[in-house]
2 protein chains.
Amino acid sequence: MEPELAASSTAPATSRKKRGEGYTRRDEILLAAKTLFLEEGYDAATIRKIADRVGVSAPALYLYFQDKEAIMLALCDQTFGRLIERISRIEKTVSDPLERICRFGDAYARFGLEHPDEYRLVFIGHNIPEAVRKVGHRMPIDDPTRPGVGGALVFSRLVTMLSQLEASGVKLNYPPDTCAELCWMGIHGVVAALIMKPDFPWSNRETLIQGMQDIVINGILSRA
Amino acid sequence: MEPELAASSTAPATSRKKRGEGYTRRDEILLAAKTLFLEEGYDAATIRKIADRVGVSAPALYLYFQDKEAIMLALCDQTFGRLIERISRIEKTVSDPLERICRFGDAYARFGLEHPDEYRLVFIGHNIPEAVRKVGHRMPIDDPTRPGVGGALVFSRLVTMLSQLEASGVKLNYPPDTCAELCWMGIHGVVAALIMKPDFPWSNRETLIQGMQDIVINGILSRA
DNA sequence: GGCGTTAACTTAACGTTGATAAGTTATCTC
DNA sequence: GAGATAACTTATCAACGTTAAGTTAACGCC
C-alpha cells in the first residue's frame with residue numbers, strides 16, 4: 001500500500017511490540033506520563049501528549065490503563081515505593097525508637113525536597129480527581145499490590161514507630177495515632193510550603209525542618 | 001430610589017437586566033458559582049452549569065468575568081475578606097499578644113475547614129495558571145483590591161503579631177519571621193491534611209488543631 | 001413617536017479534552 | 001499455510017472552556 005518508511009511526526013523509532021511484550025509499552029507510557037505530569041501538571045498532560053511522546057496513538061494507552069487516573073495511580077505507587085525502601089532501611093539499622101522517628105522525619109523531609117515534583121504529585125495533590133486524592137490514606141492496607149496504597153503504608157510505619165516508642169516506656173501526650181498525625185502534619189507542612197512557594201523568602205531550610213522536628217517531638221513527649 | 005427590589009435573592013431567573021444593573025447579574029453568578037463549587041468541586045462545576053443555575057446562557061458569564069478562574073478568584077477574595085475581618089476583630093478585642101496568636105490560629109484553621117475549596121486554591125493548589133499560583137504569599141500587598149491578594153495579607157498579620165509578642169518581652173526560640181513560618185506551616189499542615197484527605201480516619205479535628213497549636217506555640221517560646 | 005446608541009443578552013461554532021467502537025496489522029501456535 | 005489474538009490505528013463521541021457574530025431591549029435625544 002504505502003512505503004513502509006515510518007516518516008511520521010516526532011515519532012521515535014518505537015515499533016509495534018512483539019507478542020508477549022506489551023508490559024514494555026506500559027512502562028514507556030508510565031515514563032512519558034511521569035515526565036509530562038511533572039513538566040506541565042495533571043491537566044495539561046493530556047493523553048494525546050503522553051501518547052505522542054511514547055510514539056503511539058492515544059487510544060493505545062487504554063490497552064494498558066483503564067483511564068488517565070489509573071496512570072496517575074500507578075505513578076503514585078512507584079514514588080511511594082522509593083520512600084518505603086528508605087524507611088525500611090532505617091527500621092533495619094536504627095533500634096532506638098525515638099531515634100527512629102527522628103530519622104523517619106529526616107528521611108521524609110529530605111525525600112520530599114530531593115524529589116519536589118514527585119512529592120507534589122503524590123503527597124500534595126491538586127486539581128486531580130477525587131479518587132486520586134484519596135491515594136494517600138483512605139484505602140485499606142491489607143492488599144499492598146492495590147494501586148494507590150503506598151501513602152497509607154508510609155503513614156502506618158510512623159504509627160508503628162510511635163506505638164513502639166510508647167511501648168518502650170516513653171509517655172506520650174496523645175495516643176500514638178494522634179501523635180503520628182501531628183508529626184506528619186508538621187513535617188508535611190514544612191515540606192509542602194517549601195515546595196509550593198519556592199520563591200517566598202523562607203528562613204533557612206535546615207532550620208525550618210530541624211525546628212519543626214524539635215517542636216513536634218517535644219510537643220508529643222509528655223514533659224516529666 | 002429603586003422602584004422595585006424584587007430581584008434580591010430569588011431572582012426571576014430569566015429576566016434580562018435593565019440598563020444600569022448588570023452588576024446584579026454578576027452577583028447572581030458569584031452566588032451560583034459558589035454553591036456549585038462547594039457542591040461539586042471546581043472541575044465539575046462547569047460554566048454551563050453555573051449559567052444554567054443563574055438562568056442565563058453560558059457565554060453571558062464572560063460579560064462579567066474574564067474566565068472561569070476569575071470567578072473562583074472573586075470568590076476567594078470574598079471569603080478571604082471574611083477571614084481578614086475575623087483577624088481584625090481579634091486584633092481589636094484581644095490585647096494580649098500571645099492570646100492574639102492563639103486566636104489567630106484558631107480562626108485560621110476554622111476558616112480553612114469552612115472554605116476548603118478556596119483554601120485549596122489559594123494555599124495548596126498549583127495546577128492553576130501562574131497568576132493564581134502566587135496568590136498565597138509572594139504578591140505585593142500594596143493593592144488590597146487586586147484579585148487574590150488575601151493570602152499574603154493574612155500571613156503578614158501573623159508576622160506582625162509575633163513581632164509584637166517579642167516586643168512585649170517574650171523570648172522566642174527563633175526570629176519572628178521564622179516563628180511565623182513554623183506556626184503557619186504547622187497549622188497549615190493540619191488544615192491541608194484534613195482538606196486533602198477528608199476520608200482518612202483522622203483523630204478528632206479539635207484535638208488536632210488544638211494539639212498542633214499547643215505544640216507549635218510551646219515550641220517557639222523560649223523555655224524559662 | 002421615531003431614531004440611534006449600546007448594554008445585555010443569545011445562537012452557533014471552534015478547538016481540545018477524555019474516552020469508546022470498530023476495524024487493521026503483525027506475530028504467535030498448530 | 002490457517003486461525004487466533006495481542007497490539008495497535010482510524011474515526012468518532014459528548015462535554016469542556018471560550019470566542020465570534022448576531023439579536024433584543026432600554027435609554028437619551030430630537
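Numbered from 1 within each chain, the chains take letters A, B, ... in sequence-line order.
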Distance in angstrom units between [X] [atom1] and [N] [atom2], rounded:
{"X": "A:Asp52", "N": "C:dT16", "atom1": "CG", "atom2": "P", "answer": "13 Å"}
{"X": "A:Lys49", "N": "C:dT17", "atom1": "NZ", "atom2": "P", "answer": "7 Å"}
{"X": "A:Asp67", "N": "D:dC13", "atom1": "CG", "atom2": "C1'", "answer": "17 Å"}
{"X": "B:Met72", "N": "D:dG17", "atom1": "CE", "atom2": "P", "answer": "14 Å"}
{"X": "B:Arg26", "N": "C:dC9", "atom1": "CZ", "atom2": "P", "answer": "14 Å"}
{"X": "A:Gln66", "N": "C:dG18", "atom1": "CD", "atom2": "P", "answer": "16 Å"}
{"X": "B:Ile47", "N": "C:dC14", "atom1": "CD1", "atom2": "P", "answer": "20 Å"}
{"X": "B:Leu61", "N": "D:dT18", "atom1": "CG", "atom2": "P", "answer": "10 Å"}

Is it the case that more than 12 heavy atoms not belonging to A:Glu114 sit under 6.0 Å from its CD atom?
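It does: A:Glu114 CD has more than 12 such atoms within range.
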
State, yes or no, whether a side-chain contact exists between A:Leu162 and A:Asp177 at a heavy-atom distance under 4.5 Å.
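SC-SC contact between A:Leu162 and A:Asp177 ruled out.
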
Are B:Leu208 and B:Asn204 packed together at the side-chain level, in the sense that at least one heavy-atom pair is separated by less than 4.5 angstrom?
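Not in contact.
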
OP1 or OP2 of C:dC9 sitting under 4.0 Å from any side-chain N/O of B:Tyr64?
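True: B:Tyr64 side-chain N/O within range (under 4.0 Å) of C:dC9 OP1/OP2.
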
Closest heavy-atom pair and its distance - A:Ala45, A:Ile50:
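That would be O-CD1, 4.0 Å.
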
Within the sub-3.5 Å range, which N or O atoms of nucleotides 9-12 of chain D have a protein N or O partner, and how far apart are they?
| from | atom 1 | to | atom 2 | distance (Å) |
| --- | --- | --- | --- | --- |
| D:dT9 | OP2 | A:Ser57 | N | 2.8 |
| D:dT9 | OP2 | A:Ser57 | OG | 2.6 |

Going by an N to O cut-off under 4.0 Å, is there a salt bridge joining B:Arg100 and B:Glu91?
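No, B:Arg100 and B:Glu91 are not salt-bridged.
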
Collect all protein-nucleotide pairs involving nucleotides 27-29 of chain C in which both atoms are nitrogen or oxygen and the distance is under 3.5 Å.
| from | atom 1 | to | atom 2 | distance (Å) |
| --- | --- | --- | --- | --- |
| C:dT27 | O2 | A:Arg19 | NE | 3.0 |
| C:dT27 | O2 | A:Arg19 | NH2 | 3.1 |

Is the gap between the ring centers of B:Phe80 and B:Phe111 under 6.0 Å?
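Yes, they do, as the ring centres are separated by less than 6.0 Å.
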
To the nearest 10 degrees, what angle separates the axes at the start and end of the helix from C:dG1-D:dC30 to C:dC30-D:dG1, five pairs each?
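About 10°, once rounded to a multiple of 10°.
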
Please pick, from C:dA19, C:dC9, D:dG17, the nucleotide with the shortest atom-to-atom distance to any side-chain atom of B:Tyr62.
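That would be D:dG17.
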
Show your reasoning for whether side-chain contact (heavy atoms from CB on, under 4.5 Å) applies to B:Arg25 and B:Ile29.
CA-CA 6 Å; B:Arg25 178 97 336 146; B:Ile29 293 170; 4.2 Å; yes

Is the terminal nitrogen or CZ of B:Lys197 (NZ for Lys, CZ for Arg) located under 6.0 angstrom from the six-membered ring centre of A:Phe123 and within 45° of that ring's axis?
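Verdict for A:Phe123: no cation-pi partner in B:Lys197.
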
Could you go step by step and tell me if A:Arg48 and A:Asp52 meet the salt bridge (charged side-chain N to carboxylate O under 4.0 Å, His left out) rule?
CA-CA 6 Å; A:Arg48 284 171 177 82; A:Asp52 246 35; over 6 Å; no

Criterion salt bridge (Lys or Arg N to Asp or Glu O under 4.0 Å) against A:Arg53, the qualifying member of A:Glu39, A:Glu40, A:Glu28:
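Result: among A:Glu39, A:Glu40, A:Glu28, A:Glu39 is the only option passing the salt bridge (Lys or Arg N to Asp or Glu O under 4.0 Å) with A:Arg53.
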
Go through B:Tyr119 and B:Tyr108 one step at a time and tell me if the side-chain contact (heavy atoms from CB on, under 4.5 Å) criterion holds.
CA-CA 10 Å; B:Tyr119 190 91; B:Tyr108 182 93; 2.9 Å; yes

